[in-house]
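Down below is the structure, laid out as structure tokens.
The chains referred to below are lettered A, B, ... by the order of the sequence lines, with proteins before strands, and numbering in each begins at 1. The figures that follow rest on heavy atoms only: side chains count, while hydrogens, waters and symmetry mates do not.
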2 protein chains.
Amino acid sequence: MAHLTAGVEYGIHCLLWLALERDTSLSSRDLADLQGVSPSFVAKLFPKLEKAGIVVASNGLRGGYRLARSAARITLLDVVDAIEGPKPLFDCQEIRGRCAVFDGALPRWATNGVCAIHAAMLRAEQAMRESLAATTLADIADTVGRKAPASFSQAVTAWVGGRTDARSARRGTRGRG
Amino acid sequence: MAHLTAGVEYGIHCLLWLALERDTSLSSRDLADLQGVSPSFVAKLFPKLEKAGIVVASNGLRGGYRLARSAARITLLDVVDAIEGPKPLFDCQEIRGRCAVFDGALPRWATNGVCAIHAAMLRAEQAMRESLAATTLADIADTVGRKAPASFSQAVTAWVGGRTDARSARRGTRGRG
DNA sequence: GAAACACAGACTAGATCGCTCCGCGTTTCA
DNA sequence: TGAAACGCGGAGCGATCTAGTCTGTGTTTC
């Protein structure tokens, strides 16, 4: 299992759709169906993004989520931290303090400061975090935008609109039937 | 669970002892007991380090492991790769290809090249790997060496020697008894 | 008042991790 | 010569985590 989980992947994909449709609130179910992933799983993701201040939620019928700020000001690190929570790359078990040579009388120098191995792992983690912080949702949206034809954005808007219409139609049918 | 597992931590700690005692073959049991960790678990680590060419093994009584090359030429990345194997930071599920708007007719542009999210994650992983590759076992040994008193190295050698003696004594006792 | 939302919590199947145990072949040495 | 200490491989086991489901509560719209 990878360190950066499927939740992060789904979250970023969803946020890209929100960046594309900034004028509309999209429900977690719409976002899931649009991408062919589990609606109930996506529904568990968004409260985390909301608590992190990445999206804002609106309740009730026609409710859903919007980006809380521009995509250029949301980094991948923001999303990873929101969904994964504090999840260190390396979990130091302070093995240096268990050395049998010390035989119970642990000298101060042995546990003074950060374990050198731990320190190296923290540097590696920091390098990873800085790389994630250097990429924003807007960067990724631009990359995708350069590949997609102009008609794609319209097709997405139409799909979202079609969903709302379909729901209204169902309501109307049942109301009349 | 952290991405870099306990196996990596144990492995690096063990290799540091091998770097300190380059003239002696140390068994996996000695290394484990010296550090107060599970002998059977450490024993599962070393065949991986041996296959990766980091240590050389010698069989039979008085056998054990030595570093295959100088500690200055063994990086943390070498050890991580040896023990973890290929373990990506992020596992791309190609969600971009599932978009409901495509409705089965997946356009070529949609899956052309590497997924932009995946690419960003690969950059982050690469940053982490470069950081790990920049630290050698000798770097860490130096850090520890500056903290430890001169007597420590001798104490370790004595501990290792004491182990061998104790085994001989046991053999002698049982042979005579 | 029903439907579609958000949100929280309990729950489950499956994978992985840390670790143990066993058996086999090799080497040493009394 | 045979027992003990090695390395090595595979089976297995409990704990934890992930991905995903389900149920229930409260809110808003129509």
Whole-Å distance between [N] [atom2] and [X] [atom1]?
{"X": "Arg66(A)", "N": "dA6(C)", "atom1": "CZ", "atom2": "P", "value": "13 Å"}
{"X": "Asp91(A)", "N": "dC17(C)", "atom1": "CG", "atom2": "P", "value": "14 Å"}
{"X": "Ile83(A)", "N": "dG20(D)", "atom1": "CD1", "atom2": "P", "value": "13 Å"}
{"X": "Arg163(B)", "N": "dA5(D)", "atom1": "CZ", "atom2": "P", "value": "11 Å"}
{"X": "His3(A)", "N": "dT16(C)", "atom1": "NE2", "atom2": "C1'", "value": "15 Å"}
{"X": "Phe90(B)", "N": "dT18(D)", "atom1": "CZ", "atom2": "C1'", "value": "15 Å"}
{"X": "Glu9(A)", "N": "dG20(D)", "atom1": "CD", "atom2": "C1'", "value": "15 Å"}
{"X": "Glu84(B)", "N": "dT16(C)", "atom1": "CD", "atom2": "P", "value": "13 Å"}

Worksheet item: Which distance, rounded to the nearest 0.5 Å, do you find between the OG1 of Thr75(A) and the CD1 of Ile54(A)?
Response: 7.5 Å
Worksheet item: Taking all non-hydrogen atoms of both residues, which atom of Ala6(A) and which atom of Gln93(B) are closest, and how far apart?
Response: CB-NE2, 3.2 Å
Fill in: Test item: side-chain donor near acceptor, Arg123(A) and Thr135(B), under 3.5 Å
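Distance-only check passes for Arg123(A) and Thr135(B).
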Practice prompt. Give a yes/no answer on whether the side chain of Tyr10(B) brings an N or O atom under 4.0 Å of OP1 or OP2 in dC17(C).
Written response: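 So the side chain of Tyr10(B) is outside the cut-off, no N or O lying under 4.0 Å from OP1 or OP2 of dC17(C).
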Practice prompt. Output yes when at least one side-chain N/O atom of Ser27(A) is less than 4.0 Å from OP1 or OP2 of dA6(C), else no.
Written response: no
Fill in: Ring-ring centroid check Phe46(A) Tyr10(A), cutoff 6.0 Å
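Distance test on ring centres: not under 6.0 Å, no.
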Practice prompt. Kindly state whether the ring of Trp109(A) and the ring of Phe102(A) have centres lying under 6.0 angstrom apart.
Written response: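 Centroid separation for Trp109(A) and Phe102(A): below 6.0 Å.
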Worksheet item: Touch check for Ser28(B), heavy atoms < 4.0 angstrom, all strands: base, sugar-phosphate only, or nothing?
Response: sugar-phosphate
Worksheet item: Do the side chain of Glu9(B) and the main chain of Cys92(A) share a donor and acceptor less than 3.5 angstrom apart?
Response: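 Judged by distance alone, no pair lies under 3.5 Å.
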Item to complete: Determine yes or no for a side-chain-to-main-chain donor-acceptor pair under 3.5 angstrom, with Asp139(A) supplying the side chain and Thr136(A) the backbone.
Response: yes
Discussion item. Let me test you: for the helix from dG1(C)-dC30(D) to dA30(C)-dT1(D), what is the angle between the axes at its two ends (five pairs each), rounded to 10 degrees?
Written reply: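 Axis-to-axis angle, ends of the helix: 10°.
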Response to the item:
Under a 4.0 Å heavy-atom cutoff, the residues of residues 29-59 of chain A touching DNA chain C are Lys44(A), Pro47(A), Glu50(A), Lys51(A), Ala57(A), Ser58(A), Asn59(A)
Discussion item. The criterion is side-chain hydrogen bond (donor to acceptor under 3.5 Å, both in side chains); which residues satisfy it with Gln35(A), sequence neighbours excluded?
Written reply: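 Testing Gln35(A) for side-chain hydrogen bond (donor to acceptor under 3.5 Å, both in side chains), a comparison that skips the adjacent residues, returns Trp17(A).
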Fill in: Candidates dC29(C), dG20(D), dA3(C) - which lies nearest the side chain of Leu61(B)
dC29(C)
Item to complete: Using the closest heavy atom to pick a nucleotide of DNA chain D for each, name whichever of Gly60(B) or Gly7(A) lands nearer the 5' end.
Response: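 Looking at DNA chain D, the more 5' nearest nucleotide goes with Gly60(B).
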Worksheet item: Angle class for the Phe90(B)/His118(B) ring planes (parallel below 30°, perpendicular above 60°, tilted otherwise)?
Response: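 Correct class here is tilted.
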